[in-house]
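Here is the structure we will look at.
Computed from a prediction, not measured in an experiment: that's the story for all the values here. Scope of the values below: all heavy atoms of this structure, side chains included, with no hydrogens, waters or symmetry mates.
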Amino acid sequence: MTVPPKARKPFLLEIDEGADPGSAPPVPDILPEGEAMQTLAALSQRQSSALTRFALWAFSTLFVFVLSVAAYDFVASLLTRNIILGWIAFGLVALAVLAALILSLREWAAYARLARLDSLRIRAEAAHAAADLPAARRMVGDLTRLYSARPDTAWGRARLEERQAEVMDADAILALAETELMAPLDIRARTAVEGATRQVAMVTALVPIALADVAISLFANLRMIRQIAEIYGGRSGSLGSLKLLRRVFASLLAAGALALTDDMIGSVAGGGVLSKLSRRFGEGVVNGALTARVGLAAIELCRPLPFRALERPAVSSLVSRALTGVFGKATRDDG
């Protein structure tokens, strides 16, 4: 005798009649946070302690001393064995020491150029705050001499020389110098920032290798900062570029500029375009936007005159100009 199976009853879910689906909380829209640029900023801002600096000085001094003694012993022993080979070794060591001295002088000159730009900017701000016309004229004269060998500023220097005698106000002469001398340099600096932004965004989106975006962002930002420094007359060396990079990130973190908002992404990508793209592509957009912020901070640090007469570049406009082709292609492919 078989027992008939129990009939399956439908599963009923009772819903409260008063519940409104529209009152449910929205699904959070998780956007990429730019891990590469955030990591780069964190790495650049690690402050070394006094003990660490002392240890680095002690080890570097010991290394140079041991290397010098080893080179002396090598050349002296070779001179006793073979006079010709000994003199060849002595000449090579002398060339190596000369190259080290030249590199050291280049780094020192790079620091001096960056310090000169800082001094001009500080003097311009002080003359503006005190409305000091003689100080403003002296500052403008030093600025003109800084760009005296630059053919791209020849037209602006000529116009400045013609008109500055008519100006009898400190703010007016600073505004005139900014308009005539800084305008062509600002265009070149914005072009460098847009190029670096495009490179970081595209490589981050297309290279799916761990930590590759961090390395690429570091290289692109260092090259961009060096280009900006050269544009404004402060060609920096290797150590100078690293120091300038730390100053840039310090100013960004102090202003909270690394916190990229959804409004900025919306102004760049437009509406819901970013939500239709892959996360990797969105990460590239965020890293590119943060690179634009780094470039803008570098412009403000390397520019010998603060933004007053000319409009300060906006990050959203820099990013939109750099990534216009990227988003146009993405929108067409999506449609």
Nearest 0.5 Å, what's the [atom1]-[atom2] distance between [X] and [Y]?
X	Y	atom1	atom2	result
I228	R190	CD1	CZ	11.5 Å
L160	I173	CG	CD1	7.0 Å
R106	L101	CZ	CG	14.0 Å
Q227	T191	CD	OG1	10.5 Å

Please give me the minimum heavy-atom distance between [X] and [Y], naming the atom from each residue.
X	Y	value
P134	D132	CD-OD1, 2.9 Å
A131	A170	C-CB, 3.8 Å
L117	C302	CD1-O, 3.3 Å
A196	M224	CB-SD, 3.6 Å
T179	A309	OG1-CB, 3.8 Å
I225	A298	CG1-CB, 4.1 Å

Are [X] and [Y] close enough for a salt bridge, meaning some N to O gap below 4.0 Å?
X	Y	result
E178	R303	yes
E300	R121	no
D171	R308	no

Can you confirm whether [X] sits close enough to [Y] that some side-chain heavy atom of one is under 4.5 Å from a side-chain heavy atom of the other?
X	Y	result
W155	P184	no
R226	E230	yes
W87	L78	no
Q199	R223	yes
L181	L143	yes
L305	L120	no
E180	T153	no
Y147	Y232	yes

Over 12 foreign heavy atoms within 6.0 Å of CZ, F219: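 Not more than 12 within 6.0 Å, no.
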Over 12 non-hydrogen atoms of neighbours within 6.0 angstrom of CD1 in I84: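 12 or below, so no.
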Path from I88 to V93 over hydrophobic side-chain contacts below 4.5 Å: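 Yes, because I88 and V93 connect within a single hydrophobic cluster, where side-chain heavy atoms sit under 4.5 Å apart.
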hydrophobic_cluster_shared for Y72 and L92, side chain cutoff 4.5 Å: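 No.
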Stepwise side chain to side chain contact (heavy atoms under 4.5 Å, CB included) check, L133 with D169: CA-CA 6 Å; L133 180 60; D169 183 71; 5.7 Å; no
Test side chain to side chain contact (heavy atoms under 4.5 Å, CB included) applied to L318 and R293, step by step: CA-CA 9 Å; L318 290 175; R293 289 180 180 270; over 6 Å; no
Donor-acceptor pair, side chain of R157 and main chain of R150, under 3.5 angstrom: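 Such a contact is found between R157 side chain and R150 backbone.
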Steps toward side chain to side chain contact (heavy atoms under 4.5 Å, CB included) verdict (L174, M139): CA-CA 9 Å; L174 291 175; M139 184 272 163; 4.1 Å; yes
Full working for salt bridge (charged side-chain N to carboxylate O under 4.0 Å, His left out) between R188 and D152: CA-CA 11 Å; R188 293 178 55 191; D152 53 348; 2.7 Å; yes
Step-by-step side chain to side chain contact (heavy atoms under 4.5 Å, CB included) determination, V140 to R137: CA-CA 5 Å; V140 172; R137 290 190 182 277; 5.8 Å; no
side-chain hydrogen bond (donor to acceptor under 3.5 Å, both in side chains) between Q164 and R159, worked out: CA-CA 8 Å; Q164 66 176 343; R159 284 179 56 86; over 6 Å; no
